[in-house]
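Letters A, B, ... mirror the listed sequences (proteins, then strands); counts begin at 1. In this text the structure is predicted, and so the values were computed from the model without any measurement. Atom set for the values below is all heavy atoms of this structure, side chains included, hydrogens, waters and symmetry mates excluded.
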Amino acid sequence: MSDDLKTVPKAITGPSTFLDDRLGGANFLKRNLRKIFPDHWSFLLGEIALYSFIILLLTGTFLTFWFKPSMMEIAYDGSYAPLKGVMMSQAYASSLEISFDVRGGLLIRQMHHWAALLFVAGMMVHMLRVFFTGAYRKPRELNWIIGVLLLTLALAEGLTGYSLPDDLLSGAGLRITEGVAISLPLVGTYITFFLFGGEYPGEDVISRFYSLHILLIPGILLALISAHMVLMWVQKHTQMPGKGRDNKNVVGAPFYPAFMLKAGAYFLFTLAVVAGLATFTQINPIWLFGPYTPADVSAGSQPDFYMGFLEGALRIMVPWEINLFGTSHAGTLPLSVIIPALVPMGIIMTGLALYPFLERWVTGDNREHHIADRPRNNPHRTSIGMSAITFYGVLWVLGANDEISAFFHISLNWTTYIGRVLIFVAPALAYLITYRMCLGLQRFDQAVIGHGVESGVIKRLPHGEFIEVHTPVAEDIEAHLRGKEAVPMLPVAEDGAGIPPKGMRGPLGKLRGRMSKAYGGEKIPLDDGHGHGHEEEHAAIESGDDDRSLTH
Amino acid sequence: MTRITAWRRHPLARYAVLIFALALVGMTYTAFAQAGKPADAAMAAGKVDDVAEGKSLFVLHCASCHGMNAQGTTTAPTLIGVGAAAVDFQMSTGRMPAAAPGPQAPRKPQAKWVNEETTRQIAAYVQSLGGGPQVPPAEAVDPKLGDAGKGGELFRANCIQCHNWAGAGGALTQGKYAPNLNSATPQQIYEAMVTGPQAMPVFNDSTITPEEKRSMIAYITQVREQQDPGGFGLGRIGPVTEGLVAWIVGLSALALAAIWITAKKRQKS
Ligand code: HEM
């Protein structure tokens, strides 16, 4: 890096001095421009969501210029021939107008929708990165909670947006929303009438969703995203373990210029991917679906992917229903709707929100953490995460069971039966397999530290034996591996009289103690006293050449 | 007043004209009827031939499943009353003669001996057994004469719960499926509606008039011929493929970009 990049240039110090003289803020600017950002590809995943959101705001604003959130029925008179003369809502007609009669309208609509998918997908992978590296630990729990709120709101934003064009497919989604709302005990009917302004579908729901979709939810999203960014800035980013990195420093590139350049480039990448998808692949072809009428429903009706897991839950649910007090007059509790609508969402969202606190309760770990865990080094956490992904994934796949059945010629009934088994078995399997893999990888690290890495050099010993020469790992990689730290554990050992320590008594305390013992501790110590058998060989190979890399 | 005008004004003139006109109509009619008769007779004769020819083909190729007199067996239903339209549909789509038993006889390439003539002959034979829906005339299935807008509404109301909004097809229970509507000819679409093959219901002329059927054919053919305006159509099955593309193409491209951007040049020492 040349010298002039290391100092803040005139163009920036100039105005900042000007501002400082008046507002006293230049120091702030100077300090923050030099803010250090650690480098790891997975730290950019959150930015997919951020940039998609910016694209959503811009393209969404464009759409509002022509979209009419009205359910008034009109006869279509636009340029899409197969719908000529068909009665439809103004919302649908205006979405068709955007698609066929506004210059660039279809491209922008498609960009909006692709960006919406990438927005949610980006959030999901970002969240998984944070989870598996333990970056949610103190002091970042608040930011984690904000993230969970953002994800929930994004789902709501997607659902409301998806319903706006008032086409047959989104109508099916709306119908399910109504079905879920009305199935709630006691308040169901009131909520539905409130939401739809009367009997379903009513005349109001599109304009209400419109206000939610373009005003309320984006507003909250924007506020929360800003809070998310500010907190991240103030708390600094976590970093991967490595040479010279500890819980008190951050090693990386300064915001200006290095990080800003990368972030800018990444925004352009995101824009390119969204624009590329929107140019070459069709999304949400509402003209094929036709206008919404409650009487029509189509094969292959599916929600956008982020709602797919709810759809899947609904599809594999057994048709249970409880008549209150043994009669349907007193009201029916349609468990077949309530359970799939609320339980998986509840498990996943509450589980996410509570995980940092549960983990702290189990490990008793109250320290601050700024070094990310490598997933293998906390095997139970990683397994729980994989198990949750599998749970979600099974539901998600089953949300498309009709397409799977049609495409692979499997009986639809069988996909349902298999799904009902898989939803319980697959997460358990995922847990076991992941746990084994984590320990295996830990053992691999141990071997690398203990024996070095294979050099590819075969050596013949005087007595004829062939051995492969191992070289010690490069310094930076060794530092990375040695960033490992035992998962903390509560003091659970019983004292001489067989009495567990305070707080570990009583049923809950005992459970906590047992969980802590299972969750915490060092499973495979890095230096396990394995003989350093090829010590003399180590010196044979020059250290410090660069192809002994290990993946991070 | 000339003589002619005087005649024209004669009280009997209007009767004379009427009689003359009637005579003319009568004569024309007879003339046409005479001309038509031999043709009809020839057609009837052809039909008799067709029926006989059809019966022998039937015995050869179909009777093993449907019975010697098409009365049905345990393996296949009776064909009495299914009509020529059913035979034409089943044979022109290659479904019949059926091959391996399965949940549903699929569309497949026709057997070598099956062509327009043999199909017509077997159809005539089956028609002669107990009537049923006839093969529609060409103009009843001409998409150009239909109103696609109207047809689309009917299509959405009656067909898409099985065949999907764009006729992309969909799964039914127990391994059955509604096929996509991309390869059916207008005539086959019409025949499918009037005969209701397998799991598909019958849409007879009182549920959907022939004219409405023609409009639906217009909609189906227009939509399937239309080039997707938004780019690659992803099979026109909606959010499932869209979601896959978002993850497999969109997100992996961005993950690769992230790896590329943050890749360090390893320092040479
Ligand atoms: C504040 C920013 C946003 C504005 C102003 C906005 C505006 C709009 C408008 C006017 C429509 C209806 C027009 C049409 O579909 O043709 C729409 C549709 C939609 N919006 Fe947004 N939106 C915003 C953010 C979002 C976000 C964050 C998401 C995703 C989670 C999202 C998801 C959708 C979806 C899925 C549709 C349906 C698109 C389609 O028709 O293909 N929007 N949005």
Trainee: Highest number of heavy-atom pairs under 4.5 Å with chain B: which of L107(A), V297(A), T281(A), D402(A)?
Mentor: T281(A)
Trainee: Given a strict heavy-atom distance threshold of 4.5 Å, which part of L234(B) is in contact with chain A: side chain, backbone, both, or neither?
Mentor: side chain
Trainee: In this structure, are over 12 heavy atoms from other groups packed under 6.0 Å from Q198(B) atom CD?
Mentor: yes
Trainee: Where is the tightest heavy-atom contact between A246(B) and L118(A), given as atom of each residue plus distance?
Mentor: O-CD2, 3.7 Å
Trainee: Could you tell me if the side chain of M124(A) sits less than 4.5 Å from the side chain of L251(B), heavy atoms only?
Mentor: no
Trainee: Tell me, for L172(B) versus chain A, whether the close heavy atoms (under 4.5 Å) come from the side chain, the backbone, both or neither.
Mentor: backbone
Trainee: Rounded to the nearest 0.5 Å, how far does CH2 of W165(B) lie from CG of L169(A)?
Mentor: 5.0 Å
Trainee: CD of E73(A): more than 12 outside heavy atoms within 6.0 angstrom?
Mentor: yes
Trainee: If every non-hydrogen atom of A406(A) is compared with every non-hydrogen atom of G170(B), which pair is closest and at what distance?
Mentor: CB-C, 4.2 Å
Trainee: Would you call D228(B) and P285(A) a side-chain contact if the rule is heavy atoms closer than 4.5 Å?
Mentor: no
Trainee: Would you call W287(A) and P229(B) a side-chain contact if the rule is heavy atoms closer than 4.5 Å?
Mentor: yes
Trainee: Nearest 0.5 angstrom please: T262(B) OG1 to F259(A) CZ, how far?
Mentor: 10.0 Å
Trainee: In Å, rounded to the nearest 0.5 Å, how long is the span from CZ of F289(A) to CG of N164(B)?
Mentor: 8.5 Å
Trainee: Using a 4.5 angstrom heavy-atom cutoff, name the option from G308(A), G276(A), P291(A) with the most pairs to chain B.
Mentor: P291(A)
Trainee: Measure distances from K84(A) to the heavy atoms of chain B and classify the residue's part below 4.5 Å as side chain, backbone, both or neither.
Mentor: backbone
Trainee: I need the Y80(A) OH to Q222(B) CD distance, nearest 0.5 Å.
Mentor: 8.0 Å
Trainee: To check you understand the geometry: which heavy-atom pair defines the closest contact between P303(A) and P239(B), and what is its length?
Mentor: O-CB, 3.1 Å
Trainee: May I ask you to test the L168(A)-I160(B) pair for a side-chain heavy-atom distance under 4.5 Å?
Mentor: yes
Trainee: Please find the pair of heavy atoms, one from D296(A) and one from A157(B), that lie closest to each other, and give the distance.
Mentor: OD1-CA, 3.5 Å
Trainee: Heavy-atom cut-off 4.5 Å, strictly under: side chain, backbone, both or neither for L288(A) against chain B?
Mentor: both
Trainee: How close do S405(A) and A171(B) get, counting heavy atoms only, and between which atoms?
Mentor: OG-CB, 3.3 Å
Trainee: Could you tell me which portion of E242(B) (side chain, backbone, both or neither) has an atom closer than 4.5 angstrom to a non-hydrogen atom of chain A?
Mentor: both
Trainee: Without swapping roles, check the side chain of Y177(B) against the backbone of F407(A) for a donor-acceptor pair under 3.5 Å.
Mentor: no
Trainee: Can any side-chain N or O of Q282(A) pair as donor or acceptor with the backbone N or O of G233(B) at less than 3.5 Å?
Mentor: no
Trainee: Is a side-chain N or O of E403(A) found less than 3.5 angstrom from the main chain of V240(B), in a donor-acceptor match?
Mentor: no
Trainee: Kindly compute the distance separating CG (L254(B)) from CD (E47(A)), expressed to the nearest 0.5 Å.
Mentor: 11.0 Å
Trainee: With only heavy atoms counted, which part of A121(A) is less than 4.5 Å from chain B, the side chain, the backbone, both or neither?
Mentor: both
Trainee: Give a yes or no answer on whether the side chain of N413(A) reaches the backbone of T173(B) with a donor-acceptor pair at less than 3.5 Å.
Mentor: no
Trainee: Of all of I48(A), L45(A), L261(A), which one pairs up most often with chain B through heavy atoms under 4.5 Å apart?
Mentor: I48(A)
Trainee: Once you round to the nearest 0.5 Å, how far does NZ of K176(B) lie from CG of L412(A)?
Mentor: 11.5 Å
Trainee: Could you tell me which of F43(A), Y76(A), F280(A) has the largest number of non-hydrogen atom pairs under 4.5 Å with chain B?
Mentor: F280(A)
